[in-house]
Enquirer: 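Okay, here's the structure, questions in a sec.
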Amino acid sequence: MPASEPTAVTLSLFNTLSRSKEPFTPIDPHHVGLYVCGPTVYDFAHIGNARPVVVFDVLFRILRHLFPHVTYVRNITDVDDKIIQAAQASGDPIERITERTTIAYKADMAALGALDPTHQPRATQFIGAMVAMIEGLVTKGFAYAADGHVLFHVPAMQDYGELSRRQRDELIAGARVEVAPYKRDPADFVLWKPSPDDQPGWPSPWGRGRPGWHIECSAMAKHHLGVTFDIHGGGLDLIFPHHENEIAQSRCSHGGAPLARYWVHNGFVTVGGEKMAKSAGNFITVRTLLEEGWPGEAVRLALLSAHYRQPLDVTRESLRQTKTILDRWYLALRHADHTVTSSGPDDQMVSIIGDDLNTPAAIAYLHDLAAKLNKADDTDSRRQAARRLRGAAGLLGLLQADPDTWLHQPSPQATEAADGLTDTAVEQMLAARTAARKARDFAEADRLRDVLTGAGIVIEDGKGGTAWRRV
């Protein structure tokens, strides 16, 4: 539950702008503003796209715990060259592509346990605000119109590049900027571009066109969070040019006022040491993993297993490991009392996550809590330990399911014998086994146990009766 007043527990974050870990001090101690760059909705999200969602979901959770009110904005880019290319390749209307992809994205992120942001603005809802911001930049001499385009003139901003700290030659090469005769400087970037009749476009003082990518986030962030807000997040790949250009546009629009005070960036998901990317063809979508039967919570734990600023390999082997870990934790909860609920995270867990979102240390702490739960020797101690485990895990968005529901779900490695073996069928076979044991027909009881074991069902006989789980 969100705190009614700011607590004494501190939060520190690595600020890309200063290249150092800093204590987090919000502009308003009663209201924190967080903006995270969201998806371009042209295809299913891969697990590299999902990492910032999960990372900043943890940040959102601890901010809500520490501060009375948090406004979390994660945008949706629904006008972009990639979307246009997808429409041309498929023959589907752009609106249909963006709508179904947005729905799929929200469903996939929900399956990973991500909370909904406070606002999820779509770029196409803010075209007017973008045009107004561009007009202001032109009037102030920071941008110019040329050949139907409007470009930000990089040399007009003396300290351009402070976030990425790149030299000028690196800035130009890193931006992969289009070489165009109408540019005053090779580093100048597009704020507005013309649109042909067969592509999305809106009226503007410079003719029918559409916004550049960078101006979209500046306009949406200002609308929901104001000129300057607390935290701006995203992946490392967005530091340059996207976030650098956001800073340039916004500061020059608003008399030099900062866009955000803290810039937080997560590392890449890699495959064999290479960044996962659709352009490289080395990606796995969240949807594919879910369809294979991997629980969203296992994917989430895998994405939190390394510190958010470090690279991370996510493989099906690592998912097997995180699924096994979660099985152990849910088993511990079931043995204690599966009805126990959380009263919130303890101070130790808050302190661990408050140290720049140290999720590996937090996971180690959950292992310790589960071990203590398994060692508890009376009902009250077990319930107290279970409550503490659930509360700490909740700050990571983990252990959110009912233990029986989790342990009864089919495994991605389920054998053919398990196909079609429903929970009801398992319960019926267990009832028949119990009846056979009471009748001292041990051969039949053993036969039923062997059938269930062969189907990947683990039977646990105890004082309170017989429990079961799938493996």
Enquirer: List the steps and the verdict of side-chain contact (heavy atoms from CB on, under 4.5 Å) for R320 and W294.
Expert: CA-CA 9 Å; R320 275 190 284 273; W294 295 104; 3.4 Å; yes

Enquirer: Rounded to the nearest 0.5 Å, how far does CG of D80 lie from OG1 of T98?
Expert: 11.5 Å

Enquirer: L430 versus W468: any side-chain heavy-atom pair under 4.5 Å?
Expert: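 Yes, close enough: below the 4.5 Å cut-off.
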
Enquirer: Using the ring centroid of each side chain, check whether H243 and H214 are separated by less than 6.0 Å.
Expert: no

Enquirer: Would H69 and H30 count as a side-chain contact (heavy atoms from CB on, under 4.5 Å) here? Give the steps.
Expert: CA-CA 6 Å; H69 185 57; H30 295 273; over 6 Å; no

Enquirer: Under 3.5 Å, is there a donor-acceptor pair linking the side chains of T424 and T422?
Expert: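 There is no such pair between these side chains.
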
Enquirer: Closer than 3.5 angstrom, by distance alone: can the side chain of R51 be matched with the main-chain N or O of G48 as a donor-acceptor pair?
Expert: no

Enquirer: Measure the shortest side-chain to side-chain distance between Y330 and E297 over non-hydrogen atoms and say whether it is less than 4.5 angstrom.
Expert: yes

Enquirer: So, is the end of the R309 side chain (NZ or CZ) under 6.0 Å from the ring centre of F14 and within 45° of the ring's axis?
Expert: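 Yes, R309 and F14 form such a contact.
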
Enquirer: Does R100 pair with E95 as a salt bridge, N-O distance under 4.0 Å?
Expert: no

Enquirer: Hydrogens and angles aside, do D327 and W406 bring a side-chain donor and acceptor to less than 3.5 Å of each other?
Expert: yes

Enquirer: Can you give me every donor-acceptor pair (side chain of residues 104-111, partner residue at least two apart or in another chain, under 3.5 Å) with its distance?
Expert:
unit_1	atom_1	unit_2	atom_2	d
D108	OD1	R287	NE	2.8
D108	OD1	R287	NH2	2.9

Enquirer: Can you tell me how far apart CG (L357) and CG (L13) are? Round to the nearest 0.5 Å.
Expert: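 Going from CG on L357 over to CG on L13, the span is 6.0 Å.
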
Enquirer: Will you find, in the side chains of Y72 and D57, an N or O donor that is under 3.5 Å from an N or O acceptor?
Expert: no

Enquirer: Does any donor atom in the side chain of S218 or Q249 lie under 3.5 Å from an acceptor atom in the other side chain?
Expert: yes

Enquirer: Any non-hydrogen side-chain atom of H46 less than 4.5 Å from a side-chain atom of M276?
Expert: yes

Enquirer: Would you be so kind as to tabulate the donor-acceptor pairs closer than 3.5 Å made by side chains of residues 31-43, with sequence neighbours excluded?
Expert:
unit_1	atom_1	unit_2	atom_2	d
H31	NE2	T71	OG1	2.7
Y35	OH	N75	OD1	3.3

Enquirer: Without hydrogens or angle criteria, can the side chains of H265 and T16 be said to hold a donor-acceptor pair below 3.5 Å?
Expert: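 Yes, side-chain donor-acceptor contact under 3.5 Å.
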
Enquirer: Distance from L66 atom CG to R61 atom CZ, nearest 0.5 Å?
Expert: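 Rounded to the nearest 0.5 Å, the CG-CZ separation comes out at 14.0 Å.
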
Enquirer: Supply the atom-to-atom distance H242 NE2 to E216 CD, rounded to the nearest 0.5 angstrom.
Expert: 8.0 Å

Enquirer: Measure the shortest side-chain to side-chain distance between I239 and S164 over non-hydrogen atoms and say whether it is less than 4.5 angstrom.
Expert: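 A side-chain contact under 4.5 Å exists here.
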
Enquirer: State, without any angle test, whether D78 and T124 hold a side-chain donor-acceptor pair at a distance under 3.5 Å.
Expert: yes

Enquirer: Nearest 0.5 Å, what's the NZ-OG distance between K222 and S250?
Expert: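 So the gap between those two atoms works out to 9.0 Å.
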
Enquirer: Does any part of the side chain of I127, heavy atoms only, come nearer than 4.5 Å to the side chain of P211, both counted from C-beta?
Expert: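 Yes - at least one pair of side-chain heavy atoms lies under 4.5 Å apart.
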
Enquirer: Is there a donor in the side chain of N358 and an acceptor in the side chain of Y308, or the other way round, less than 3.5 Å apart?
Expert: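 No - no donor-acceptor pair under 3.5 Å links their side chains.
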
Enquirer: Salt bridge or not for R166 and E244, using N-O below 4.0 Å?
Expert: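 A salt bridge is absent here (no side-chain N lies under 4.0 Å from a carboxylate O).
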
Enquirer: State whether the side chain of T405 and the backbone N or O of A401 hold a donor-acceptor pair below 3.5 Å, judged by distance alone.
Expert: no

Enquirer: How are the rings of F126 and H223 set to each other: parallel, tilted or perpendicular (split at 30° and 60°)?
Expert: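 Correct class here is perpendicular.
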
